[in-house]
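Residue numbering restarts at 1 for every chain, and letters A, B, ... go by the order of the sequence lines. Only heavy atoms go into these numbers, but all of them, side chains included; no hydrogens, no water, no symmetry mates.
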Amino acid sequence: MASSSDPPDPDWSARFRAPLPRSFYDRPVARVALELLGQVIVRRTLAGWRAGRIVETEAYGAHDPASHSRGGPTARNRSMFAGPGTLYVYRIHQVHCANAVTRPGEAVLLRAVEPLAGPWVNPSGPGRLCRDLALTRAQDGTDLVQGEVRVVASPWNGKRVRGPRIGIRRAVAVPWRFASGDSPWVSRPRPPRWRGPRGKPTYLSLAQS
DNA sequence: TCATTGATTTGCT
DNA sequence: GCAAATCAATGAT
């Protein structure tokens, strides 16, 4: 039943009420990162709805040297241990970045979406995505299944590519960046075909999953 | 309390 | 391609 505060768009309202189940997130983080490609993130605000298709993600593991969770729970990363389907938002430099938490200490960074509905400026890049979705630390710890930001299923037959993650200093060889093979909204040049490790193995045994 | 760091973005060369 | 902006979280002192 609709209340007077519900935004008028019946389509996004209906989708918003049928989010991906929590079990979707309770799987190995790289698989969730891969399968989030093509799904739709829906944001409800007092002003209305925004929806966009996820076209670029990165996976961060529990014992991943590049992950914020590498040293265990802290004031900043506690959402990474709050259970599958939690939204983890942190601030770096002058921007915010949003993640979908999977298993304890693991999360998927949302790097880019393709606008579908509502007002957008340019959500190509993790900081720009959070700006356009109005995500800050106020949304950190909210629930992607029942909260104000949700991910809903959407049919998508795009091609998927993978490559090394961007902007990190540790575990640079791990090929856990996933992107649409043809979306113009991918934030950086598409990963070339993965050529395998160049230097000494670091996190690779886990990264092969 | 102090110094360092960084899952970015932007602008300039 | 490279460096600056700019600040909160973190770790060392």
Side-chain angles (χ1 to χ4, degrees), chain A residues 25 28-37 39 41 52 54-82 84-115 120-142 144 149 151 160-180 183-192 194 197 202-204 206-207 209:
Chain A
Y25 302 96
V29 66
R31 172 146 297 274
V32 177
L34 176 70
E35 295 191 10
L36 274 174
L37 293 179
Q39 312 294 337
I41 186 167
I54 298 168
V55 296
E56 185 181 354
T57 62
E58 283 178 0
Y60 288 86
H63 304 286
D64 186 341
S67 174
H68 288 176
S69 64
R70 90 183 85 93
T74 66
R76 174 170 75 158
N77 68 17
R78 60 191 154 82
S79 295
M80 291 188 79
F81 300 87
T86 300
L87 180 66
Y88 167 46
V89 183
Y90 67 89
R91 183 174 182 171
I92 183 171
H93 293 92
Q94 278 61 254
V95 303
H96 293 274
C97 296
N99 301 251
V101 175
T102 59
R103 288 172 171 166
E106 313 203 314
V108 176
L109 173 69
L110 304 177
R111 288 196 56 92
V113 307
E114 177 180 303
W120 295 88
V121 178
N122 174 8
S124 178
R128 297 181 182 128
L129 184 158
C130 282
R131 177 200 56 196
D132 284 13
L133 283 176
L135 299 180
T136 69
R137 285 287 278 180
Q139 282 70 45
D140 177 59
T142 61
L144 288 167
V149 187
V151 180
R160 295 170 167 90
V161 295
R162 74 185 296 181
R165 297 172 293 186
I166 288 176
I168 54 172
R169 295 178 56 99
R170 306 167 191 265
V172 294
V174 175
W176 273 6
R177 175 184 176 220
F178 302 91
S180 161
S183 173
W185 296 93
V186 172
S187 68
R188 298 292 189 89
R190 242 167 283 289
W194 174 245
T202 52
Y203 191 60
L204 287 173
L206 230 133
S209 59

Within the distance-only criterion (no hydrogens, no angle test), does the side chain of [X] pair as donor or acceptor with the backbone N or O of [Y] below 3.5 angstrom?
X         : Y         : answer
Glu58(A)  : Trp176(A) : no
Glu56(A)  : Ser187(A) : yes
Arg177(A) : Gly163(A) : no
Arg162(A) : Pro175(A) : yes
Asn99(A)  : Ala107(A) : no

Taking the side chain as every heavy atom from C-beta outward, state whether Val89(A) and Thr136(A) have any pair of such atoms under 4.5 Å apart.
-> no
Are any non-hydrogen side-chain atoms of Arg170(A) and Arg70(A) less than 4.5 angstrom apart?
-> yes
Contact pattern, 5' to 3', of nucleotides 6-13 of chain B - B, S or - by protein heavy atom under 4.0 Å | BBBBS---
Stems with DNA chain C, 3 or more Watson-Crick or G-U pairs in a row (under 3.5 Å), are B:1-6 with C:7-12, B:8-12 with C:1-5
